[in-house]
Amino acid sequence: MGDVRPVLGDERTRRCLDLALGAPLTRRSSELAAVAALLVGTRELGRDWWERPRGGKLPPPDEVLTTAVAIEPWTDLTALEMLAAWISDDAADALWGRPAAQVDLNSWQAEDRFPLPPGARPGERLVVHFDAGGRLDAVVVRRPGGELGSNLDFQSLRYSGPAEAQWSWGVAAGLGPHRLPGEDPDPYARRVPPGAADVLRDWALRNGATRDQLGDRWDTVGDVVAAIERVDWMWRSGEWFAWWRAASALVDDSAHLPYRLEELTSG
């Protein structure tokens, strides 16, 4: 947090740290990636970004940082992740202007994905939103029948600085362990139940993980977190999702661990 304090200030840095400390260890990397976005975004937009009301029923970012509550339609995110989405979009608007429309890039259809605004002209490039901080251009064209339409220019896809920082920090730093100032005792030093650890290690070995990826032994939460990162389970077959759920329950000391292990072994 040493780089964050001079930019965000003491109180905002303290609140960000508190929220990261309060998150499950399997979510900590996502919280810290959101802080990276807030750091870069505040450098670009200035500290007064935190104090500005957002219009409608949306409070200023400082209020969100205090209440730690995400707001519709961002309730699938944590408060820090929602703030990262806000600052990523605001930085994108500052660079490329307000978007004319929003599209879902789960569909790669390029033609006529949104109604054109009044006054659109052939050859005009319209900025389109597709993700927090993500933009691409749609080129206005005249169709053979004379009507106007648009084609998405996928080569123009780009992200604002805060969105790039959030993504790149998450990729570079990975799941962890990420120890933070003021933690006593160290949560990554907590011992894990050896029986549960053995079940997860044995399953992973039978399903393609190597001993180098899993490490010599799983004595502590830190051992498990490091192994999850090395195994790279998301790029494996679908049944590895059940392994991730069980490993997460082990890391987070969840009461659901017995059920997650049963789900894994019964499958």
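In this chain, residues are counted from 1 in sequence order. Excluded from the calculations below are hydrogen atoms, water molecules and symmetry mates; all remaining heavy atoms, backbone and side chain alike, are included.
Heavy atoms only, all atoms of each residue included: Leu250 and Ala196 are closest at CD1-CB, 4.2 Å. Between Arg135 and Phe130, the shortest heavy-atom distance links the atoms N-CE2, 3.1 Å. Residue Ile71 comes nearest to Met82 through the heavy atom pair N-SD, 3.3 Å, listed as atom of the first residue, atom of the second, then distance. Here the closest heavy-atom approach between residue Arg158 and residue Leu136 is recorded as NH1-CA, 3.6 Å. Considering every non-hydrogen atom in both Ala138 and Ser150, the closest pair reads CB-CB, 4.3 Å. Closest approach of Leu261 to Ala246, counting heavy atoms only: CD2-CB, 4.2 Å.
When side chains are defined from C-beta on, Leu180 counts as touching Leu32, because their heavy atoms get closer than 4.5 Å. The side-chain heavy atoms of Val221 and Arg191, taken from C-beta on, include no pair separated by under 4.5 Å. Annotation: side chain of Val141 is not in contact with side chain of Pro122 (no heavy-atom distance under 4.5 Å). Using a 4.5 Å cut-off on side-chain heavy atoms (C-beta onward), Trp243 and Ile228 make contact. The closest side-chain heavy-atom distance from Leu58 to Pro53 is not below 4.5 Å.
Few gaps surround CZ on Arg125; more than 12 heavy atoms of other groups in view lie less than 6.0 Å from it. Within 6.0 Å of CG in Asp216 there are 12 or fewer heavy atoms belonging to other residues, nucleotides or ligands. Counting heavy atoms of neighbouring residues, nucleotides and ligands inside a 6.0 Å radius, atom CZ of Phe154 exceeds 12 of them. Heavy atoms from other residues, nucleotides or ligands lying under 6.0 Å from CH2 of Trp74 number more than 12.
A donor-acceptor contact closer than 3.5 angstrom is absent between the side chains of Ser107 and Gln109. Using modelled atom types and a 3.5 Å distance limit, the side chains of Thr78 and Glu31 yield a donor-acceptor pair. Residues Trp50 and Thr42 have side chains that bring a donor and an acceptor to within less than 3.5 angstrom of each other.
Residues Asp90 and Arg54 are paired through a salt bridge, judged by an N-O separation under 4.0 Å between the basic side chain and the carboxylate. A salt bridge is absent between Glu63 and Arg12; no separation between the charged side-chain nitrogens and carboxylate oxygens falls under 4.0 Å.
A chain of hydrophobic side-chain contacts below 4.5 Å, direct or via other Ile, Leu, Val, Met, Phe, Trp or Tyr residues, connects Phe114 to Leu105. Note on Phe241: it clusters hydrophobically with Leu205, by side-chain heavy-atom contacts below 4.5 Å among ILVMFWY residues. Residues Val127 and Leu95 share a single hydrophobic cluster, defined by chaining ILVMFWY side chains whose heavy atoms lie under 4.5 Å apart. Residue Trp167 is not grouped with residue Leu175 when hydrophobic side chains (ILVMFWY) are merged at heavy-atom distances under 4.5 angstrom, including chains of intermediate members. Note on Trp108 and Val139: separate hydrophobic clusters, where clusters join Ile, Leu, Val, Met, Phe, Trp and Tyr whose side-chain heavy atoms are under 4.5 Å apart, directly or indirectly.
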*Could you go through the side chain to side chain contact (heavy atoms under 4.5 Å, CB included) check for Arg230 and Leu214 one step at a time?*
CA-CA 7 Å; Arg230 291 192 298 265; Leu214 293 169; 5.8 Å; no
_CA sep, side-chain torsions, deciding dist, call: Arg142, Glu147, salt bridge (charged side-chain N to carboxylate O under 4.0 Å, His left out)_ = CA-CA 6 Å; Arg142 191 174 296 281; Glu147 71 278 10; over 6 Å; no
_Please evaluate residues Arg245 and Glu262 with respect to the criterion salt bridge (charged side-chain N to carboxylate O under 4.0 Å, His left out), reporting the C-alpha separation (whole Å), side-chain torsions for both, the decisive distance (0.1 Å), and the verdict._
CA-CA 11 Å; Arg245 284 160 58 91; Glu262 182 179 358; over 6 Å; no
*Go through the steps to decide whether Leu200 and Val224 satisfy the test side chain to side chain contact (heavy atoms under 4.5 Å, CB included), and finish with yes or no.*
CA-CA 10 Å; Leu200 284 161; Val224 182; 5.8 Å; no
*Taking it one step at a time, do Asp10 and Arg5 satisfy salt bridge (charged side-chain N to carboxylate O under 4.0 Å, His left out)?*
CA-CA 6 Å; Asp10 291 343; Arg5 195 176 304 277; 3.7 Å; yes
*asked:* Using salt bridge (charged side-chain N to carboxylate O under 4.0 Å, His left out), reason through Glu111 and Arg143 one step at a time and then give a plain yes or no.
replied: CA-CA 11 Å; Glu111 299 82 13; Arg143 301 296 182 201; over 6 Å; no
*asked:* One pair to check against side chain to side chain contact (heavy atoms under 4.5 Å, CB included): Asp223 and Tyr188. What are the steps and the verdict?
replied: CA-CA 8 Å; Asp223 296 335; Tyr188 293 101; over 6 Å; no
*Could you go step by step and tell me if Arg179 and Asp186 meet the side chain to side chain contact (heavy atoms under 4.5 Å, CB included) rule?*
CA-CA 8 Å; Arg179 293 174 173 85; Asp186 177 0; 2.6 Å; yes
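No donor-acceptor pair closer than 3.5 Å links the side chain of Glu44 to the backbone N or O of Gly41. No donor-acceptor pair closer than 3.5 Å links the side chain of His256 to the backbone N or O of Pro258. At distances below 3.5 Å, at least one donor-acceptor pair connects side-chain atoms of Asp89 with backbone N or O atoms of Gly133. Proximity of a side-chain donor or acceptor of Arg201 to a complementary backbone N or O of Arg211 within less than 3.5 Å is not detected.
Ring geometry, Trp244 versus Trp233: the interplanar angle falls under 30°, so the pair is classed parallel (tilted spans 30 to 60°). Between His178 and Trp169, the two ring planes are tilted [angle within 30° to 60°].
Atoms OG and CD1, on Ser160 and Ile87 in that order, are 9.0 Å from each other to the nearest 0.5 Å. With rounding to the nearest 0.5 angstrom, the OG1 atom of Thr26 is 10.5 Å from the CZ atom of Arg28. Once rounded to the nearest 0.5 Å, the distance linking CG of Asp153 with CG of Asp137 reads 6.0 Å. For the atom pair CD of Glu124 and CG of Leu116, the computed distance is 9.0 Å after rounding to the nearest 0.5 Å. Considering CG of Leu257 and OG of Ser248, their distance stands at 10.5 Å, rounded to 0.5 Å. Within the model, atoms CG of Asp219 and CZ of Arg190 stand 13.0 Å from one another, a figure rounded to the nearest 0.5 Å.
Looking at Asp3, Leu80, Val40 one by one, the single match for side-chain contact (heavy atoms from CB on, under 4.5 Å) with Val35 turns out to be Leu80.
Geometrically, Arg236 engages Trp240 in a cation-pi contact, judged by NZ or CZ lying under 6.0 Å from the ring centre and within 45° of the ring axis.
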